[in-house]
Asks: 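Following this message is one structure expressed as structure tokens.
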2 protein chains.
Amino acid sequence: MNDYVVIGCSSSPRWCAISRKAGGLTLSDEARRVTSVDVAAESGFSQATVARAFSSPHLVSPATRETIEQAADKLGYIPNAIARSLKSQRTDIVAAVVPAQGEYWQHALISFGRQLAERDKQLLLFSFSDSADVARVIDSVQQYRVDGMILASANVTQVQLARLNRGAMPIVAFNQPAASGIIPSVSVDNAAGTAALATHLVEQGCRKVTFVGGRSETSTDQIRYRGAAQELGRHGAACAYLEAGSFSYDSGYKAAAHLAELDELPDAVMVSGDELAFGVLDGLRTLGISAPDDLLLTGFDGLPQASWAGYDLTTLVQSIDSLAEHVIDLLLSAQPETEIADIVVPGTVRVGKTTRRLSNG
Amino acid sequence: MNDYVVIGCSSSPRWCAISRKAGGLTLSDEARRVTSVDVAAESGFSQATVARAFSSPHLVSPATRETIEQAADKLGYIPNAIARSLKSQRTDIVAAVVPAQGEYWQHALISFGRQLAERDKQLLLFSFSDSADVARVIDSVQQYRVDGMILASANVTQVQLARLNRGAMPIVAFNQPAASGIIPSVSVDNAAGTAALATHLVEQGCRKVTFVGGRSETSTDQIRYRGAAQELGRHGAACAYLEAGSFSYDSGYKAAAHLAELDELPDAVMVSGDELAFGVLDGLRTLGISAPDDLLLTGFDGLPQASWAGYDLTTLVQSIDSLAEHVIDLLLSAQPETEIADIVVPGTVRVGKTTRRLSNG
DNA sequence: TGAATGAATGACTACGTAGTCATAGGGTGC
DNA sequence: GCACCCTATGACTACGTAGTCATTCATTCA
């Protein structure tokens, strides 16, 4: 009765494709992959019914389903998502294009992954170190016909966006204010965020503030600075801008030296990102300048480390999970007729000891 | 002459599929996807030649290639990686199954992504918070017929490994010592690492050490502890084990309280992971116990933050890039006949101020 | 009881590509 | 001038699935 030989389905060691000889029948060295056709033959139903048993179980009678599942188990059948995608024009994969560096992006990435998993989607990761790579990366993404793309790079040119528009792929820009209005985007309210931090500083009596930015050409930096400067201006306080060069810890550490070289220390330093702020804080400490005592200091992002006792940084907390949820919602519910969405999520100020004066006037 | 209408290729807004009516000809609302067949028609060559022009350019004459590329550009053709994968049985995708929490994993992830990108592979991310999810995740992975899988979970049971072996998918375990010998694995030399740190502590005069582990049931913890305890024993020093509960900062912070409650402080605290160590360090500081002065403290992993001035932690630096490179090499060169590889990469001790006594006897 | 309805299933085909085989020339060696 | 080889190309088909349509059979309603 059992006149076929099942290959590579029993306890064959590791991933080697085991060939077996049975009854004089010589099989190829390649282990044949088990398909829905094999399961159909084993179970006595048609391939169509087997496919339905897996993709639309409600269309198959319980008894049949049971039989098919047993046959599938016996053969070790696993549906082929590639073939499914080709046929159904859906991959259930979302691509994320994110910078390789930076704590913030790493946390965002994990959040995307989690939210997508909840909706039975997978995350295809494309990270880039040099923003010149972005174009190449985007070409790659398009080939995979993913269901959507999360774009977290500030360095996409108009030309690149045009190329993206040629495809039929939903795209959402993540924390990339420059893209707002061009492609659907989700960001934290950067301007309101730094404004809120500025208000807090003014309340602490600050009149002279230096804003330490990562890279001045990023829209993020520009908007955050403007938000701070305007709010400070409204209260008659000054706000200078100092560029650190990047958003990394090291850049912040070095920027601290520049701050210390100023003729007069500012009342407060507002830093454009938390990671950068950690660097500034440590740099200043090394130079004997303490955060709550000699000047106040704020960050931006609300990274977990900001809450660590070693830093306890006043910062603007972005709810990354909430941002990510909006991104995924936009992607997966993408309606062609909808106008270009531009979702701005407010952040909340976290007051740490870097702005908490012992004696407060 | 131009009796067809190209759809969605010009400057159509965003990703909407634009329908156009031309000369009484009504086209469907769905933008038709451009395939190699369309490019063939446009260029005058066959589909086979078009496919070759993209996948094996050397088999096509330069003139033909040029013509085809122009036609492809005109139509906005992008090769379909899904169809290619179905036909070629290669996806050029590697899956990574990693814990959602933990700085260390995030860095590893980024390193995997970078190394894979260099080899024109993509990274499909599967993260899990609860290790109970791992089985479900692994089922998902198998459906995508990825070219390989990086497994960075310590909680894969024998049964799950057996299921994996049914497939023909190369797998490499990453920093999961328990898997060594069962599936190919790559890890840092945990035992030698803690032994080296222990040697360093002994040289600093430590006789009484407490090892703070994350979770005692993980093989990582066990091996690291054993490495430390044996080396300390060889020098007549004692080594107690304290379980923090997880490898997170918070766990470390809480574990510090337990340390402080001991009748007598140890000479040194060895912590099983850097993130955990940051927590211990901050927790002790809060309790008035300073790292180089009241006791020495070491971590493990060599996270970037360990070098930050705020911590300056003595730790065992794992070269994540080097580990990742070994992982990718193993995956992509997977030879069925090779015996199960078990690559152990040495780490290096980084001496920070947490073990640097001002006055050294 | 006959027609209508619905559930369950099978036959067939399209999805878009790449590899196999066959074929047509153009060049080379003798 | 013939046999040979190599390059460039085309026709054809398989990859594994899911959706469309047709068919069968049981059930329901008038």
Asks: Would you check if Ser140(A) and Gln122(B) make a side-chain contact, meaning some heavy-atom pair closer than 4.5 Å?
Replies: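 The answer is yes; the side chains approach within 4.5 Å.
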Asks: Which whole-number value in Å describes the distance from Ile68(B) CD1 to dA8(D) P?
Replies: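 About 12 Å, once rounded to whole Å.
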Asks: Rounded to the Å, how far apart are Ile78(A) CD1 and dT17(D) P?
Replies: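 Rounded to whole Å, this separation is 11 Å.
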Asks: Just how far, in rounded Å, is P of dT20(D) from CG of Leu59(A)?
Replies: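 Those two atoms, CG and P, are 11 Å apart.
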Asks: Verify the contact: side-chain N or O of Ser46(A) to OP1 or OP2 of dT9(C), cut-off strictly under 4.0 Å; return yes or no.
Replies: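 Checking dT9(C) against Ser46(A), no side-chain N or O comes under 4.0 Å of OP1 or OP2.
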Asks: So, OP1 or OP2 of dG16(D): does either fall under 4.0 Å of a side-chain N or O from Arg33(A)?
Replies: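 Yes, Arg33(A) has a side-chain N/O under 4.0 Å of OP1/OP2 on dG16(D).
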Asks: Quick check: any donor-acceptor pair below 3.5 Å linking the side-chain of Gln47(B) to the base of dA18(C)?
Replies: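 Check passes, donor-acceptor contact within cut-off.
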Asks: I want to verify a distance call: between dT9(C), dG16(D), dG16(C), whose nearest atom is closest to the Asn80(A) side chain?
Replies: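 For Asn80(A), the side-chain atoms sit closest to dG16(D).
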Asks: So, taking the atom named CE in Met149(A) and the one named CG in Leu151(A), what distance separates them when rounded to the nearest 0.5 Å?
Replies: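 One finds 4.5 Å between CE of Met149(A) and CG of Leu151(A).
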Asks: Rounded to the nearest 0.5 Å, how far apart are CD1 of Ile150(A) and CG of Leu116(A)?
Replies: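 Atom-to-atom, Ile150(A):CD1 and Leu116(A):CG are 5.5 Å apart.
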Asks: Please tell me if Ser85(A) has a side-chain N or O lying less than 4.0 Å from either OP1 or OP2 of dT17(D).
Replies: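 No, because none of the side-chain N or O atoms of Ser85(A) sits under 4.0 Å from OP1 or OP2 of dT17(D).
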Asks: Can a side chain N or O of Thr49(B) be found less than 4.0 Å away from OP1 or OP2 on dT9(D)?
Replies: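 Checking Thr49(B) against dT9(D): no side-chain N or O falls below 4.0 Å of OP1 or OP2.
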Asks: Figure out the CG/P separation between Asp38(B) and dC15(C), and round it to whole Å.
Replies: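 Those two atoms, CG and P, are 10 Å apart.
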Asks: On the nucleotide dA18(C), are OP1 or OP2 found under 4.0 Å from the side-chain N or O atoms that Ser88(B) carries?
Replies: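 No, because none of the side-chain N or O atoms of Ser88(B) sits under 4.0 Å from OP1 or OP2 of dA18(C).
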Asks: Using whole Å, report how far NZ of Lys87(B) lies from C1' of dA14(D).
Replies: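 In whole Å, dA14(D) C1' lies 5 Å from Lys87(B) NZ.
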Asks: Which value, rounded to the nearest 0.5 Å, describes the distance between Ser61(B) atom OG and Glu66(B) atom CD?
Replies: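 So the OG of Ser61(B) and the CD of Glu66(B) are separated by 10.5 Å.
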Asks: Looking at the side chain of Arg84(A), which of dA18(D), dT9(D), dA8(C) is the nearest nucleotide?
Replies: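 In terms of side-chain proximity for Arg84(A), the closest of dA18(D), dT9(D), dA8(C) is dA18(D).
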Asks: Out of dG10(D), dA11(C), dC15(C), which nucleotide sits closest to the side chain of Gln89(A)?
Replies: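 Closest of the options to the side chain of Gln89(A): dC15(C).
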Asks: On DNA chain D, nearest-nucleotide positions of Ala48(B) versus Leu86(B): which is more 5'?
Replies: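 On the 5' side of the pair lies Ala48(B).
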Asks: With both distances under 3.5 Å as the test, what is the Watson-Crick or G-U wobble partner of dC25(D)?
Replies: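 Matched dC25(D) with dG6(C) under the 3.5 Å cut-off.
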Asks: Choosing from dT17(C), dG16(D), dG10(D), which nucleotide comes nearest the side chain of Tyr77(B)?
Replies: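 So the nucleotide nearest the side chain must be dT17(C).
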Asks: Assign each of Val60(B) and Val50(A) to its nearest nucleotide of DNA chain D by heavy atoms, then name whichever residue's nucleotide is nearer the 5' end.
Replies: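 Result: Val60(B).
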Asks: Please give, in whole Å, the distance from dA18(C) C1' to Ile82(B) CD1?
Replies: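 Roughly 15 Å, once rounded to whole Å.
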Asks: Would you say Thr64(A) reaches dT9(C)'s phosphate, i.e. side-chain N/O to OP1/OP2 under 4.0 Å?
Replies: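 Indeed, a polar side-chain atom of Thr64(A) lies that close.
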Asks: Under 30°, 30 to 60°, or over 60°: which ring-plane class applies to Phe174(A) and Phe112(A), parallel, tilted or perpendicular?
Replies: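 Perpendicular: the ring planes of Phe174(A) and Phe112(A) meet at over 60°.
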Asks: Between dA7(C) atom P and Arg65(A) atom CZ, what is the distance in whole Å?
Replies: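 So the two atoms are 14 Å apart, to the nearest Å.
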Asks: Report the distance from atom CZ of Arg52(A) to atom C1' of dC21(D), rounded to the nearest whole Å.
Replies: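 Rounded to whole Å, this separation is 11 Å.
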Asks: In the structure I gave you, are the side-chain heavy atoms of Leu331(B) and Val172(B) within less than 4.5 Å of one another anywhere?
Replies: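 Side-chain contact under 4.5 Å: yes.
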Asks: Categorize Phe54(A) for me: base, sugar-phosphate, or nothing, with a 4.0 angstrom heavy-atom threshold over every strand shown.
Replies: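 Nothing, no heavy atom under 4.0 Å.
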